[in-house]
Colleague: 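My questions will all concern the structure given below.
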Amino acid sequence: ESDQTNPLPFEGTYEDDMVKINVSADAGIVPEGAELSVTPITKTEITADMTAKEKAEAEAINDQYDFTAEKLEKDSQNNEKSIEGFIAYDISFLVDGQETEPYGDVNVIMEFKNSTSPDGISENAEVAVKHLKSDAQAEDGIIVEDLTEKAKVQTETDDKAVKKVELQSDSFSTYTVTWLGTDRS
């Protein structure tokens, strides 16, 4: 059967220069054989010395970045806010290379090695945690879910630089830490 639950608790970690992301779940939540996959959604310059594969991968992530930016922008306009910057990670579980969803809540802890905030953040910016979630009802199949209330965000003293984000979710795709300013228009 392909829908085997895993009798063991799940623990997975992703780490790069900027962040350590720890993902854990109780037994039976994450499908058996699933691997944690984390991709930072960042803008990459496409250069001539990249291989075709590297170019394709960079282009795909750039597209995802633009899409994420657009979704966040629309969402914030609806809430009369403006986006001053965001950090995004595509977090998912793969079984044999195919994305699969967990059967219940999974804990995600993002710890930034140096508390981080994008350049040019205003003094009154708020930090919000958003999730681009699949929704069949949505025009492009994705809605923006605000997890700020449910998530725990630890910031440095000036409240702009994020040190740690903890959240729980039962559906996985792109998660963002977003800095929102007041819409001045």
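These numbers were taken from a predicted model, which means no experiment stands behind them.
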Colleague: Is a side-chain donor or acceptor of Glu54 paired with a backbone partner of Thr51 at a separation under 3.5 angstrom?
Modeller: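 Answer holds: yes.
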
Colleague: Here's a test for you: under side chain to side chain contact (heavy atoms under 4.5 Å, CB included), which of Met50, Glu59, Glu57 qualifies with Thr44?
Modeller: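 Going through the options one by one, the only one that passes is Met50.
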
Colleague: Just do the side chain to side chain contact (heavy atoms under 4.5 Å, CB included) check on Asn62 and Ile46 with the steps written out, would you?
Modeller: CA-CA 9 Å; Asn62 284 351; Ile46 310 288; 3.9 Å; yes

Colleague: What distance do Glu15 atom CD and Glu111 atom CD have between them, rounded to the nearest 0.5 Å?
Modeller: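 One finds 9.5 Å between CD of Glu15 and CD of Glu111.
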
Colleague: Just verifying a value: how many Å separate Ser169 OG and Ile91 CD1, rounded to the nearest 0.5 Å?
Modeller: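 Separation between the atoms: 9.0 Å.
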
Colleague: Got a sec: does the CD of Glu35 have more than 12 other heavy atoms crowding it under 6.0 Å?
Modeller: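 It does not: Glu35 CD has 12 such atoms or fewer within range.
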
Colleague: Could you measure the distance from the NE2 atom of His131 to the OG1 atom of Thr174? Nearest 0.5 Å is fine.
Modeller: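 Nearest 0.5 Å value for the NE2-OG1 distance: 7.5 Å.
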
Colleague: Is a donor on one side and an acceptor on the other found under 3.5 Å between the side chain of Glu84 and the backbone of Ser122?
Modeller: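 Side chain of Glu84 to backbone of Ser122, a donor-acceptor pair under 3.5 Å: yes, one is there.
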
Colleague: More than 12 heavy atoms of other residues, nucleotides or ligands under 6.0 Å from CG of Asn78: yes or no?
Modeller: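 More than 12 within 6.0 Å, yes.
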
Colleague: Take Glu123 and Lys160, measure what salt bridge (charged side-chain N to carboxylate O under 4.0 Å, His left out) needs, and give me the verdict at the end.
Modeller: CA-CA 8 Å; Glu123 285 181 13; Lys160 300 299 166 271; over 6 Å; no

Colleague: Taking the side chain as everything from C-beta on, heavy atoms only, tell me whether Thr176 gets closer than 4.5 Å to Thr68.
Modeller: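 A side-chain contact under 4.5 Å exists here.
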
Colleague: Would Phe10 and Asp26 count as a side chain to side chain contact (heavy atoms under 4.5 Å, CB included) if you check the C-alpha gap in whole Å, the side-chain angles of each, and the deciding distance to 0.1 Å?
Modeller: CA-CA 6 Å; Phe10 180 88; Asp26 293 339; over 6 Å; no

Colleague: Establish, yes or no, whether a centroid distance under 6.0 Å links the rings of Phe86 and Tyr65.
Modeller: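 Ring centres of Tyr65 and Phe86 closer than 6.0 Å.
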
Colleague: Would one find more than 12 heavy atoms of other residues, nucleotides or ligands at under 6.0 Å from atom NZ of Lys152?
Modeller: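 Counting other residues, nucleotides and ligands, NZ of Lys152 stays at 12 neighbours or fewer.
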
Colleague: So, taking the atom named OG in Ser37 and the one named CG in Asp90, what distance separates them when rounded to the nearest 0.5 Å?
Modeller: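 Rounded to the nearest 0.5 Å, the OG-CG separation comes to 6.5 Å.
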
Colleague: Output, in order, the C-alpha distance, side-chain angles, deciding distance and verdict of side chain to side chain contact (heavy atoms under 4.5 Å, CB included) for Thr13 and Lys20.
Modeller: CA-CA 7 Å; Thr13 303; Lys20 184 174 179 180; 3.7 Å; yes

Colleague: Quick test of your reading of the model: are Asp75 and Lys81 salt-bridged, counting only N-O distances below 4.0 Å?
Modeller: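 The answer is no: the pair does not qualify as a salt bridge.
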
Colleague: Is it true that Asp17 and Lys113 make a salt bridge, defined as a side-chain N closer than 4.0 Å to a carboxylate O?
Modeller: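 Salt bridge flag = no for Lys113 with Asp17.
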
Colleague: Can you tell me how far the OG atom of Ser117 sits from the CD1 atom of Ile87, to the nearest 0.5 Å?
Modeller: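 Ser117 atom OG to Ile87 atom CD1 measures 8.0 Å (nearest 0.5 Å).
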
Colleague: With a 4.5 Å cut-off on side-chain heavy atoms, are Leu94 and Thr100 touching?
Modeller: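 No, too far: nothing below the 4.5 Å cut-off.
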
Colleague: Among Asp66, Asp140, Asp135, whose salt bridge (charged side-chain N to carboxylate O under 4.0 Å, His left out) with Lys71 holds?
Modeller: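 Looking at Asp66, Asp140, Asp135, the match for Lys71 under the salt bridge (charged side-chain N to carboxylate O under 4.0 Å, His left out) is Asp140.
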
Colleague: Look up atom CG in Asp63 and atom NZ in Lys43, then write down how far apart they are to the nearest 0.5 Å.
Modeller: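 It is 7.5 Å, given to the nearest 0.5 Å.
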
Colleague: Any chance you could lay out the side chain to side chain contact (heavy atoms under 4.5 Å, CB included) test for Val127 and Val177, step after step, and finish with the verdict?
Modeller: CA-CA 7 Å; Val127 176; Val177 180; 3.7 Å; yes

Colleague: Should the pair Tyr89 and Phe112 be assigned to parallel (<30°), tilted (30 to 60°) or perpendicular (>60°) ring geometry?
Modeller: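 Plane angle between 30° and 60°, so tilted.
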
Colleague: I want to check something: taking the side chain as every heavy atom from C-beta on, are Val106 and Phe172 in contact at a cut-off of under 4.5 Å?
Modeller: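 The answer is yes; the side chains approach within 4.5 Å.
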
Colleague: When you look at NZ of Lys53, are more than 12 heavy atoms from neighbouring residues, nucleotides or ligands closer to it than 6.0 Å?
Modeller: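 Check fails, neighbour count at 12 or below.
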
Colleague: Any chance the side chains of Asp49 and Thr47 put a donor and an acceptor closer than 3.5 Å?
Modeller: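 Yes, side-chain donor-acceptor contact under 3.5 Å.
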
